[in-house]
Structure formats: C-alpha cells, structure tokens
Amino acid sequence: MLAYVLKRTGAAIATLVAASIVIFIFIHLIPGDPIYVMLGDEATPEQVEALRIRLGYDQPIYVQYFYWAGNVLRGDLGTSIFFQEPVTLIIRDGAETSLLLATVTMVWIVALGVPVGVLAAIRQGTWIDQGLSGIAMLLASIPTFWVGLYLILIFAANLGWLPSSGYPSIFEEGGLSNLRYLLLPSLTLAAPNAALILRLTRASMLDVAKEDYVRTARSKGIRPYRVVLRHILRNALLAVVSAFGFTFAALISEAVVTETVFALPGIGRMVVQSILRRDYPVIQGVILVIVCLYLVINLLVDISYRYLDPRVDLE
Amino acid sequence: MLKVRNLVVAAGSPSAELDIVSDVSFEIKRGEVLGLVGESGSGKSITSLAVMGLLPHPHIWVRSGAIELDGADITEEPPHLRVERGHGGVSMIFQEPMTSLNPVLRIGEQIEEAVRVHDGSTGETARIRARELLEMVRIPDARLQLNAYPHELSGGMRQRVMIAIALACRPQVLIADEPTTALDVTVQMQVLSLIRELCDAFDMGVLFITHDLGVVSELADRVAVMYGGKLAETGPVADLFRNPLHPYTGGLMGCVPDPGAGHRRFRTIPGQAPKPGEVPQGCKFAPRCDHVQPVCRSGAIPAVAAGPAHAAYCHHPLSRELT
Amino acid sequence: MTTKLRSFLSVFAARPVALLGLVYLVTIVTVALGADVIAPYAPEAIEPINRLSPPSWGHLFGTDHFGRDTFSRVLHGSRLALLIGVGVVSFALATGVPIGIVSALFPRLGRVLMRMVDVMMAFPSLLLALGLIVILGQSVANAILAIGVIYLTTTARITYGVTLRLREETYVEAARSMGASTVWMIRRHILPNMISPLLVQASFVFAFAQLGAASLDFLGLGAPPEIPSWGNMLAESRIYITRAPWLLFYPGLMIVLTAFSLNLVGDVLRDRLDPRFREMLSNRQRR
C-alpha cells in the first residue's frame, strides 16, 4: 500500500513540475512586457531597467524558473501587480468561497446524481428512465451562466428569497446563514455535473446488473432491493467514484464562470479579473494552486479506489 | 419431486416471439442426478434458468407448461418469492466460477447472506454455519477462507464456494450448469465427485447440465438429450449408452453404428446446431442426420420407446430393439 | 453508400427525439447559410427609438439596448456557432488523432506523448483556454484554437485507446506479421475502424464547443464583441436581465438546443457503436 501511494505521489509531483514549467513558459510567452504593465506607459527606460533587474527578468529564462520555483517551495508565489499584495494572501482570501462552493456543489452532485441515476437504472426502458435521462442530457447542454442569470432573476430579483450576488464569510456576521449566498451558485454549478454523474451511475448500474455474480445473488433468494443495494450499486459506485476526480476538475473550471455571474469573491473570479488586468503573478500562482489541488484530489480518489476494490493489488 | 411438464420458453417481444425451448418435460427424484446434455444453443441453459426462476424478463419468459417442486407450482417464481412462500429450494452453480462471485465481498459475507435468508439465523450463528458449509465442500482452513476475497482463490476453490452458497439455501434440487468446463482437468474430477457425494448425503436431486457425455456417464443416473430446444432422447444412463435411439445421441457419443460396413468408427456430426428462428420444419436434426428420410422433414415426430423409461423422438431410431 | 445512409437514418427512426435533434441540426445549417435572406433586418441595423422593446410581430424576439433586432442577430449567430463547432472539431481531430495513433503504434514515444497529454489534462480546461487567449490575443480563430486544445487531449486519449485495441486484434497482428508497413496498416485497418468512434467523439466535442465558446464570450474573451455570437448577445444583455429578460432567453435557448441536439445525435451514434469502444467514449467528455 505504501509503495503504491509513494509511486502515485511521485507521478503526481512529476506532473506538477511539468505543469509548473508549462505555466511559467505560458506566462513568458504573453506578448507585452509585464514591466510596462506594472509601471504604466510613462515609465522612463531607467525605471524599466531597474525594475527588470530587481525582478530578475534580465536572467536567462531557466534561471528565472528556478528562482520562481524556489520561491514557490518556500511558500512565496510572488506579489500581485494590481494589489501590491502577496499572491498567497490573495489566494487565501478567495479560498474560503471557492472551497465552500465546490464542497456544497459536490454535495448536490452526489445527493442528486447518484440516487436519481440508480432510479433510472432500476426503471430502465420505462418512461421514468427516458425522462430522467433526457433531463440529464438537457442539463449537460445548458450554459451554466445562463441558468445562473435566470435563477438570479427569479429567486433574487423577482421573489427576493435569496441574495443575488456576493458572499460574506461564514466567520463574519451572519455565520452559517451566510451559506444561503452559495445556494443558487452551487445549484447552478451542480446541474451539469450532477447530470453527468447521473448518466454514469445509470450506465454503470446497468453494466453491473449483467454480471454473473448478480445472478448468483438473485439465486440465493435475497430480496431484489438488497440485490440492488449490496451487489449492483456497490460495484457500480466503483466506476462513479473514479469519476469524482474528473468532476472536481470540471467544477474548478466552471466555477470561474459561476463566480463571475454571482460576483463571488472566489479564486475563479480572481483569476479572470487578473487575466483581464494582466496581473501575471496572480494568474501564475492561482493556476499552479488549482493544478495542485486537482492532482491531490485525483490522488486521493485513486487511493480510496484501491481501498474500495479488493481486487486491486495494493503492493 | 421436481417435475417439468411441457415447458415452452419464448424469447423476443410478445409481438415477435420465438420459442427457444419447446415442449420439454422431465422429472428428477431425490438423490438422483439427471444429466441434461446438448450442444450450446440447444436450450439446456435456458431450461435450467427457467427451473431456477431466473429467466431474464422481459426478454425471455415461460410461455406455457409448468414447473412443480414437491407439488407446489414454482413456474416463473423468482427465488426470493420461493423463500417467502415457503416453497422448496432450487439452487444453482454456474459455469464461470471466476465471475460468479461478487469481487468486492468476502467469501464469508457471500455465504452468510444465503444462510441468513434460508435459516433466519444471524451474527455468530450464521458465521458458524458458513464455516461448516466451507468444510462440507472441503475447503482447507475454512475459518481463514471466510475472510478471503474471491480473487484470492483458485477456480476450483471458487467453484467449491459456489457449491457452499448453493447448499446454504438448503436445496431440494441443485442445478449445476457446466460447473467444471472452466476448470483444470484434475480439479474437474474432484468437483464432480463432490457434487455426487453431496447429492447422496443430502438426498438432493441434481440437474447436471453439460455438453460432455463422458461426464454424464461418470455422474448421472439418468440422461436427457436436448437438440434445438426440444428433447431428443431420455433414459437411464446405462440404457442410453448401450442402446442410443436418436441419431443425434449416437452422434454425440462420437461413435455411430455404420449399417453398411458392419463395424463402428469414430466420426463427428456434420453441420452446425440450428439457431433459434431458423429451425427446420419437422425433426430439427433432419438437416444434419445421416438417416434422414422425406418423412422427417415435416409434421410431428413420434415418440419411440425402448424400455419403461427410455424414449426418443425419431422416425428412424438407430436401434431396432424396441419393445 | 445508400445502404449505409439508410442504416444511419434507420437508427434515428427508432429514436424519435434524436430524429428531432437531427432535423434541428439540418435546419440550423440551412439558417446559417441563408441568414442574409431569412433575417428580416441586418444584424447590426440600429433603431434607437425601439430600444429594449419586447417581442412583437415587427421584432419576433424583441430588440436589444441599441434597438437591434434580436431575431436577426440570433439567426446570424448560428454562423459563428457552426464555425466554432466545425473549427474546434477539425482542430481536435487534426491534432488528437495523429498523436493518439502514433502513441499507440510507437510505445516508447507514446509514453512521452501521453504523459504530456496527462499534464495538459491537469489544467482546468477553461483556464487553459483563457490563458491561450491571453497569449494569442482575442479573435474567433484563437477562440477556436483555445477550445480545440481542450479537446485535443480527450481526442488523443480516445484515439490512443481505440488504436491499442485495434492493434491487439488478430487481423492487424496478422497484417503486421506478414510484413505490412505501418502506413499501410494505419490506412487499411486502423483509420476505417476509427471512423465510428471518432464520429461520436466529434458530435460531443461539437456540443461542448458551443458551451465553451459561450463561456469565453460571456467572460469577454471569446469572439470580438462586434460579432453577433449567441454568447456575446448574452454577455451584452446581461445587465438588462430584469428590464428585458427576453433578450437573454433566445440566444441561450439556441445554445441549449444546439448542444442538446448534438448530444442526442452523439448518444444515438454511441449506442450503436461497437461495444469495445463504447466505454472509452462515455462520460469523461466534458472537462
């Protein structure tokens, strides 16, 4: 088991290093000198040169990379050009919103996608199944921001039940009731992904139902619902669990749009704004953190998968 | 005890149905092994699933006929309803021991599950019973193996576990669907003798399905030969081997009396088994039969008897020792 | 060919909803081609007195904040939608398929290439696209490229998997042992068998390209704002959602219908796909 974890962790670190190089090169491919962005158009050549040397931009690119990577390892992601604040601080400010949003969304996805997928599979071929599968495909075809805008229109603007935008921290006034700010965003973000999990759960259930061991279970005289829960669902979920990692990656990506629609102070909106402001240190840092998060989640999913499926050799 | 009468199994949809098993009747008594023999596609596995109550609805269903166990009608009754209604048990072991056990549950859990349903016992009692069952099927270190996962066992051991699960259901009839086909030759014999022993020890009826007449001659008391979804011949194992009536039975034995040459020689049956839907009129074996006559190609096929329990459906049986 | 076409259509006949999807797609192509003739107004024609007017006989879908006819703009928007779809699919196939085939046929190189694909997949897809647009600049072509790169990875993965399967299969082995050249093997055995899985993949990519492009437009980094794309229309009308909610309805509906139809068609095609490949094309499409 330990050997497996070490091997997978090693692979994840290798991917992270490769990704960090890609990010670094990306940022340096961007046309336009970031120095001018920082200093504005009126900067004198002397000022530009001084800043270039101060930031180490006069060094060869691989030296710059190691310099940056070394700082990253020490927990220094650089300083935001726009805010003149450490990038780590900016990420920390957005982390609560983004992580809470992702968590609440994940809860929706699991709570809606899996049971409804099971229902569709049990009623395979009936109008219930066709209806649910059709709805799932429809939800996967809707742009999230469009749904979000109409949810705001209906539940915030017209009915006034829920706030339309923003998110005050749960550690500030209002406490946990501030979570209501995340209700609409999380539903918006959950819809297409829950649809995906629904379809996967259904397909996986139907695959497992064809297995010989399910016939064995039936032949024992176990009641049908127990056959479904203990023998079909349990095995079907193995495939679904491995999809959670991919889903989480999709969440991070789509949260960029959702956070913009609902004006949530999260990492996603921050990265879009930084892109528009050409605030390179922030873009670099945030993307690195997100990639890192993605790799960690996938690693955890892989390891838990090995725990769930005894067939997999843990050595 | 187990009576199957004029069983007809249809497949497809009610608007476009197709009989894949037609007019099959047989009986199994306590302590008796009936060998059900046929090529793949002969309908023997579908027949056994029908007896088990596990036909894959709605694609395949019993169209007519009856299956009775100790007088109770168990046609189209799935196993959990048989338990609920107190009807006698039919258990089944399958061809593929590799895929017939749930890969994520321990052996013990899978046996106890059956024990709980059929004995109503729980917890430690169920666990003890599971261990006893494993000992009964001669699995060494039974207590340890309860905690094993299926992939940790060999094919032969898994098939023994399958038998233990089947026994946990306290069956009157055990169906074994080619249980040794996927196993090594040495293991095959062990599993066969285990089945025979358990049949005698528990006074169970066994429906043993195979395409291998050699296995049948070792194990069975009586034989039923199926071809194209119908019975071709039934009889006590000794009679049938000594005096096969149906040319198909003769062909299966790989050894057909050649009337012209006056000696016996080995040969195979030419052609292929018919697919459902393209079965010929009259005798289904006619296209492949050496003894085919125009009369075989249409109409009903008469039953010929060569003894009180030995009969075949054929116009021109191989043997003339009819009674 | 006609029998092939007939069997293709018979599949849809069995699934009426999917047939509707197919009909919709044919319609949208016609609309895109004939937008100049069908649309009652020029997409950029301004009518300042008629700003934000609700749907009426004169303006079926109402007018926007410049008094432009939403109906005409929606019709013209179908052009960009198809352009983006065709462009993204072409890019993904043109890059992903060679990478996948080469990786499967030359394992040593393949390990490196697939590792690179893994690294790319570790990037959140939309951020990857946004990053590319920042580097390349904002234009339709760059939007196609940026979204295409996302599906380069999935297409390469699928092609890789399918090629590995095909390579293992006996007839390809046989061709190989008889001394067939690699190029011959690709042409005769691998590409013909790859058409169906890639067709399924193409329809899903086409669908998700619509959503991706809409997201980029919405964030202001997609098609330049003067182009009447559905996404741009949504982005521009966003602030009028309470005053003129119909403005957002029709462009959004077009995106949904287009993506939904493509997903339906892709789903039907996948259902009749060889089961060996079906699993590879399941639910990991959306990234």
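Throughout, protein chains are lettered first and strands after them, A, B, ... in sequence-line order, and every chain is numbered starting at 1. In this text the structure is predicted, and so the values were computed from the model without any measurement.
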- Beyond-backbone contact of A:Val256 with C:Leu130, side-chain heavy atoms, under 4.5 angstrom: yes
- Given that the side chain runs from C-beta out, which part of A:Leu138 has a heavy atom under 4.5 Å from chain C: side chain, backbone, both or neither? both
- Rounded to the nearest 0.5 Å, what's the gap from OG on A:Ser141 to CG on C:Leu264? Could you check? 7.5 Å
- Note on the structure: Sorted by chain and number, sequence neighbours left out, side chain to side chain donor-acceptor pair (under 3.5 Å) with C:Thr70 holds for none
- Message: Tell me the closest heavy-atom pair linking A:Pro143 and C:Val256, and the distance in Å.
- Response: CD-CG2, 3.8 Å
- Is there a side-chain contact between A:Val261 and C:Phe218, using heavy atoms and a 4.5 Å cut-off? yes
- Answer yes or no: are there more than 12 heavy-atom neighbours, outside C:Trp246 itself, under 6.0 Å from its atom CH2? yes
- Query: Considering all heavy atoms of both residues, which atom of C:Val119 and which atom of A:Ala18 are nearest to each other, and what is their separation?
  - Reply: CG2-CB, 3.7 Å
- Message: Using heavy-atom distances under 4.5 Å, tell me whether C:Leu221 contacts chain A through its side chain, its backbone, both, or neither.
- Response: side chain
- Query: Any residues in residues 147-155 of chain A near chain C, with a heavy-atom distance under 4.5 Å, and which are they?
  - Reply: A:Leu149, A:Tyr150, A:Leu153
- Item | Main-chain N/O of C:Leu248 paired to A:Trp146 side chain as donor or acceptor, under 3.5 Å | yes
- Message: Heavy-atom pairs under 4.5 Å with chain A: which of C:Gly212, C:Gly252, C:Ala129 has the most?
- Response: C:Gly252
- Query: Would you call C:Leu219 and A:Phe145 a side-chain contact if the rule is heavy atoms closer than 4.5 Å?
  - Reply: no
- Task: Give the minimum heavy-atom separation between A:Ile290 and C:Pro124, together with the two atoms involved.
- Result: CG2-CG, 3.1 Å
- Measure C:Ala214 against the heavy atoms of chain A and call it side chain, backbone, both or neither at under 4.5 Å. both
- Checking heavy atoms, do the side chain of A:Val271, its backbone, both or neither come under 4.5 Å from chain C? side chain
- Please name the pair of heavy atoms, one in C:Arg238 and one in A:Thr260, separated by the smallest distance, quoted to 0.1 Å. NH2-O, 3.6 Å
- Partners meeting side chain to side chain donor-acceptor pair (under 3.5 Å) with A:Thr15 (sequence neighbours left out): C:Arg115
- Item | Pairs satisfying side chain to side chain donor-acceptor pair (under 3.5 Å), at least one member in residues 209-224 of chain C, at least two apart | C:Asp217-C:Ser229
- Task: Check whether any side-chain heavy atom of C:Met116 lies under 4.5 Å from a side-chain heavy atom of A:Val22, and answer yes or no.
- Result: no
